[in-house]
Amino acid sequence: MHLVICGDLFDRGKQVAEFSWLLYSLEEKAKAAGGYVHVILGNHDIMNLSGDFRHVDRKYMRIAESLGLDYIRLFDEDTELGRWLRTKNVVERVGDYLFVHGGISPEVLKLDLSLQQLNDIARPYYGVAKKELPVSVRPIFGKGVFGVVIDRMMLEAEVLLLETTVAIKEVAYELGFSELSYFLTYFKRVKGVNPVEFRRLGKKG
């Protein structure tokens, strides 16, 4: 039996550390029982490892401050959890199924890499800020592996906003966003306006 977690352990509520340690523990227990736990990293996991804390809950900032540490040190490579996270892949195949957070873009497909090559290339750069990444690996960490699905979701959001009267909160949940704030952030980033304004302008036009 396989349990697959497709990324974003981070920035999803107030039990990030607890959930991560649970998976850490389950991984060994599953192996002992003949099963397997696959933890695949998503963009928010790599954002936290590389110093992008835009979506971090203040709870974790306060914990770090109480310990006299910078937040990034909680999951640094010399911590057990940080070391464990840095062993994980960005894409895995289990049987006939491919598991990845957010999809794989044409830019990554053009690299013509095997899954092992893709993971081996990505892993050393988990802790590197995006602007400092070598040009050769940027397709993997850009829209490449993590963001291709967002564009498709935003197109679906457009249809729901312009062709229905469904509440914006329901649009977010329909598209799979666990928090309305995440949907609002992504929508404005892609479309340049918030969903309320987008709907108003669309109806007016």
Please report the C-alpha distance between L41 and H101 in whole Å, then the side-chain angles of each, then the deciding distance to 0.1 Å, and finally whether the side chain to side chain contact (heavy atoms under 4.5 Å, CB included) criterion is met. CA-CA 7 Å; L41 297 190; H101 179 85; over 6 Å; no
Which atom pairs, donor and acceptor, lie under 3.5 Å between side-chain atoms of residues 112-119 and protein residues at least two apart or in another chain?
unit_1	atom_1	unit_2	atom_2	d
S114	OG	Q117	N	3.0
S114	OG	Q117	OE1	3.3
Q117	OE1	S114	N	2.8
N119	OD1	V90	N	2.8
N119	OD1	V91	N	3.2
N119	ND2	V91	O	2.8
N119	ND2	L115	O	3.1

Next item on the list: Show your working on side chain to side chain contact (heavy atoms under 4.5 Å, CB included) between F141 and M47 and close with a plain yes or no.
Entry: CA-CA 10 Å; F141 290 97; M47 285 166 66; over 6 Å; no
ask   = Are any side-chain N or O atoms of R93 and backbone N or O atoms of G95, one a donor and one an acceptor, separated by less than 3.5 Å?
value = yes
Side-chain heavy atoms of L98 within contact of I104, under 4.5 Å: yes
Members sharing Y97's hydrophobic cluster, built from side-chain contacts under 4.5 Å between Ile, Leu, Val, Met, Phe, Trp and Tyr, are V4, I40, V94, F99
Sorted by chain and residue number, the side-chain hydrogen bond (donor to acceptor under 3.5 Å, both in side chains) partners of E80 (sequence neighbours excluded) come out as Y24, R83
Exercise for the section: Taking T79 for its side chain and D76 for its backbone only, find out whether a donor-acceptor pair lies under 3.5 Å. Expected result: yes
**Study point:** Side-chain heavy-atom pair F183, M154 within 4.5 angstrom cut-off
**Key:** yes
The reported gap from CD1 in I72 to CZ in F53 (rounded to nearest 0.5 angstrom) is 4.0 Å
- Kindly determine whether R199 and T164 satisfy side chain to side chain contact (heavy atoms under 4.5 Å, CB included), including the steps that lead there. CA-CA 10 Å; R199 173 174 268 174; T164 76; 4.1 Å; yes
Applied to residues 168-177, the side chain to side chain donor-acceptor pair (under 3.5 Å) test, sequence neighbours excluded, yields none
Between D78 and R73 the two heavy atoms that sit nearest each other are OD1-NH1, 3.1 Å
Only one of L3, N89, L26, L9 passes side-chain contact (heavy atoms from CB on, under 4.5 Å) with V39, and that residue is L9
**OP:** Apply side chain to side chain contact (heavy atoms under 4.5 Å, CB included) to the pair W84 and F75, showing each step before the final yes or no.
**Re:** CA-CA 10 Å; W84 176 75; F75 304 100; over 6 Å; no
With sequence neighbours left out, the residues meeting side-chain hydrogen bond (donor to acceptor under 3.5 Å, both in side chains) with E197 are R200
So salt bridge (Lys or Arg N to Asp or Glu O under 4.0 Å) across residues 53-64, not counting sequence neighbours, yields K14-D57, E18-K59, D52-R54, R58-E65
Report task. Using atom types as modelled and distance alone, determine if a side-chain donor or acceptor of Y126 lies under 3.5 Å from a backbone N or O of K88. Result -> yes
Here the gap from I140 atom CD1 to L133 atom CG, rounded to the nearest 0.5 Å, amounts to 9.5 Å
In terms of heavy-atom contacts, A30 and Y36 come closest through CB-N, 3.9 Å
One should read off an interatomic distance between M61 CE and S66 OG, to the nearest 0.5 angstrom, of 13.0 Å
Practice item. Consider only side-chain N and O atoms of D11 and H55, and report whether a donor and an acceptor are under 3.5 Å apart. Key: no
task: Verify the neighbour count for atom CG of N194: are there more than 12 heavy atoms of other residues, nucleotides or ligands below 6.0 Å?
output: yes
Between L162 and G202, the two heavy atoms sitting closest are CD2-CA, 3.6 Å
Smallest heavy-atom separation, L175 atom then A157 atom, equals CD1-CB, 3.6 Å
For V16 and Y60, the nearest pair of non-hydrogen atoms, with its separation, is N-OH, 2.7 Å
Interatomic distance, CZ@F187 vs CD1@I168, rounded to 0.5 Å, equals 8.5 Å
d(R86 CZ, D45 CG) to nearest 0.5 Å is 11.5 Å
CD (E158) and CD (E156) are apart, to the nearest 0.5 Å, by 11.0 Å
Closest non-hydrogen contact found for H44 with D8 is N-OD1, 3.1 Å
Within the distance-only criterion (no hydrogens, no angle test), does the side chain of S25 pair as donor or acceptor with the backbone N or O of W21 below 3.5 angstrom? no
